[in-house]
A.B. asks: 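The following block contains the structure, expressed as structure tokens.
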Number of protein chains: 2
Amino acid sequence: MAEDRDMPVIDLQDSGKRAALFERIRRDHSVEIAEDYVELIADLIETNGEARLVDLADLLGVSRPTVNNTIQRLQKEGYVESKPYRSIFLTDKGRAVAEHARQRHHMVLDFLHTIGVPADIAEADAEGLEHHLSEQTLDCLARATEALKKASGHGGNQS
Amino acid sequence: MAEDRDMPVIDLQDSGKRAALFERIRRDHSVEIAEDYVELIADLIETNGEARLVDLADLLGVSRPTVNNTIQRLQKEGYVESKPYRSIFLTDKGRAVAEHARQRHHMVLDFLHTIGVPADIAEADAEGLEHHLSEQTLDCLARATEALKKASGHGGNQS
DNA sequence: TCGCAAACTTAGCATAGGCTAAATTTATAT
DNA sequence: ATATAAATTTAGCCTATGCTAAGTTTGCGA
Ligand SMILES: [Mn+2]
Ligand SMILES: [Mn+2]
Ligand SMILES: [Mn+2]
Ligand SMILES: [Mn+2]
């Protein structure tokens with residue numbers, strides 16, 4: 001139970017191994033924006049019938065030219081399709097990514113709610129956390145969420 | 001228990017509120033590198049007596065000029081001090097950030113281990129997750145970790 | 001001590017992701 | 001039908017973060 005809280009977390013002996021972890025984080029970040037965009041686009045299409053650039057810009061809190069720029073990149077990378085001045089559609093690849101992103105988003109949110117994080121804060125944290133969870137960890141998280149739900153359901157206390 | 005897994009996670013009605021969440025993520029990302037650097041620098045100083053640019057570059061998996069560039073920015077922003085061609089030191093601000101980062105890193109890792117994530121994967125995921133947890137969520141996470149430890153300790157099963 | 005290797009810096013380049021201002025196209029309302 | 005408004009795009013700018021190649025400084029071994 002002695003939780004060496006002031007020891008390096010990091011193995012300074014094997015720099016190659018450590019470097020690989022940071023490389024994964026940099027990769028995660030490079031797909032993060034794609035994930036948020038396609039998830040929003042899927043939501044907009046389902047809710048409004050179409051995904052317009054102006055709505056994306058409002059939801060993301062960035063300027064319209066910024067969205068335009070990113071959409072062009074996402075189109076090059078095969079996530080979306082859109083003809084000039086028309087609204088935005090998902091490719092099969094984009095739809096798959098959106099579906100996956102949405103599931104993870106739900107799972108993270110469900111977990112945060114279960115451990116007692118207030119809804120607003122859970123929403124905020126989930127938006128960042130969702131992009132850094134491996135499949136393995138998602139599995140374990142789902143199991144832990146169920147375990148905690150069961151525990152508190154059967155008369156457990158958490159405060 | 002009907003977990004509407006194919007509903008938008010996102011409130012498309014209030015774009016201002018949603019935009020605020022993404023703005024926080026963008027802010028998180030802009031301090032993320034600072035956190036990883038100061039944490040590594042603290043570890044190197046404790047372990048080796050000094051933090052050298054070349055070791056940072058090896059551990060981070062980036063080139064030496066990249067580290068040089070970032071260190072100059074971190075110095076402007078008051079996290080580190082270093083005279084040309086000499087090794088790198090933390091300011092009080094840098095030390096505080098490093099300490100905080102290390103605690104979070106430990107907590108996330110402890111949690112991931114507790115829910116059964118293999119050590120390698122836990123290390124990898126923690127490196128990204130650690131930067132997106134609010135204080136509130138950290139609190140709840142610590143409590144959940146204890147609860148799960150207790151549960152499995154007292155003859156619980158998780159698979 | 002002095003020459004070479006290691007470490008660090010500078011210069012120059014690239015891409016991603018932001019911005020504003022201005023141009024262009026599409027949609028709407030009279 | 002046409003003027004105006006809204007939406008989208010382009011142009012031009014910025015910073016952060018990455019790179020390689022080349023220069024500079026430091027440190028060490030012979
Ligand atoms: Mn999401
Ligand atoms: Mn997100
Ligand atoms: Mn860390
Ligand atoms: Mn990290």
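All values below come from the heavy atoms of this structure, side chains included, with hydrogens, waters and symmetry mates left out. Letters A, B, ... mirror the listed sequences (proteins, then strands); counts begin at 1.
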A.B. asks: How close do B/Glu46 and A/Pro8 get, counting heavy atoms only, and between which atoms?
C.D. replies: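 Shortest heavy-atom contact: OE1-CD, 4.1 Å.
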A.B. asks: Send over the distance from B/Asp36 CG to D/dG18 P, rounded to a whole Å.
C.D. replies: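 So the CG-P distance, B/Asp36 to D/dG18, works out to 10 Å.
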A.B. asks: For a quick check of understanding: with a heavy-atom distance under 4.0 Å over all strands, which category does A/Gln72 fall into, base, sugar-phosphate or nothing?
C.D. replies: sugar-phosphate
A.B. asks: Rounding to an integer number of Å, can you tell me how far B/Leu60 CG sits from D/dG18 P?
C.D. replies: 8 Å
A.B. asks: To the nearest angstrom, how far is A/Asp58 atom CG from D/dT8 atom C1'?
C.D. replies: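 Interatomic distance, CG of A/Asp58 to C1' of D/dT8: 14 Å.
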A.B. asks: Quick one: do B/Lys93 and B/Glu77 make a salt bridge, cutoff under 4.0 Å?
C.D. replies: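 B/Glu77 and B/Lys93: not salt-bridged.
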A.B. asks: Please list, pair by pair, any protein nitrogen or oxygen found under 3.5 Å from a nitrogen or oxygen in nucleotides 25-27 of chain D.
C.D. replies:
| from | atom 1 | to | atom 2 | distance (Å) |
| --- | --- | --- | --- | --- |
| D/dG27 | OP1 | B/Arg86 | NH2 | 2.2 |

A.B. asks: Backbone N or O of A/Glu50 within a donor-acceptor pair of the A/Asn48 side chain at under 3.5 Å?
C.D. replies: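 Absent.
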A.B. asks: Mind checking the CG-CZ spacing from B/Leu141 to A/Phe111? Nearest 0.5 Å is all I need.
C.D. replies: 5.0 Å
A.B. asks: Test your reading of the model: is there a side-chain donor-acceptor pair from B/Thr91 to the backbone of B/Gly78, 3.5 Å cut-off?
C.D. replies: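 Looks like yes, one N/O pair under 3.5 Å.
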A.B. asks: Considering all heavy atoms of both residues, which atom of A/Asp43 and which atom of B/Val9 are nearest to each other, and what is their separation?
C.D. replies: OD2-N, 4.1 Å
A.B. asks: Taking only Lys NZ, Arg NE, NH1 and NH2, and the carboxylate oxygens of Asp or Glu, determine whether A/Asp110 and A/Lys149 approach each other closer than 4.0 Å.
C.D. replies: yes
A.B. asks: Rounded off to whole Å, could you give me the CG-to-C1' distance for the A/Asp55 and D/dT8 pair?
C.D. replies: 13 Å
A.B. asks: For A/Glu23 and D/dT17, give me the distance from atom CD to atom C1', rounded to whole Å.
C.D. replies: 14 Å
A.B. asks: Take atom CZ of A/Arg27 and atom P of D/dT17, then tell me their distance rounded to the nearest Å.
C.D. replies: 19 Å
A.B. asks: Is there a side-chain contact between B/Ile25 and A/Glu32 in this structure, where contact means two heavy atoms from C-beta onward sitting under 4.5 Å apart?
C.D. replies: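 Touching, per the 4.5 Å side-chain cut-off.
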A.B. asks: Where along residues 45-53 of chain A does a heavy atom fall under 4.0 Å from DNA chain D?
C.D. replies: A/Arg52, A/Leu53
A.B. asks: Can you tell me how far apart OG1 (B/Thr114) and NZ (B/Lys150) are? Round to the nearest 0.5 Å.
C.D. replies: 12.5 Å
A.B. asks: Calculate the interatomic distance between B/Leu56 atom CG and C/dA7 atom P; express it in whole Å.
C.D. replies: 13 Å
A.B. asks: Looking at B/Ala96, is its backbone amide N or carbonyl O close enough to the side chain of B/His100 to form a donor-acceptor pair, meaning the two atoms are under 3.5 Å apart?
C.D. replies: no
A.B. asks: Could you check whether B/Arg24 pairs with A/Asp125 (Lys NZ or Arg NE/NH1/NH2 to Asp/Glu carboxylate O, under 4.0 Å)?
C.D. replies: yes
A.B. asks: Heavy atoms under 4.0 Å is the rule here; annotate nucleotides 15-21 of chain C 5' to 3' with B where the base is hit, S where only the sugar-phosphate is, and - elsewhere.
C.D. replies: -SBBBBB
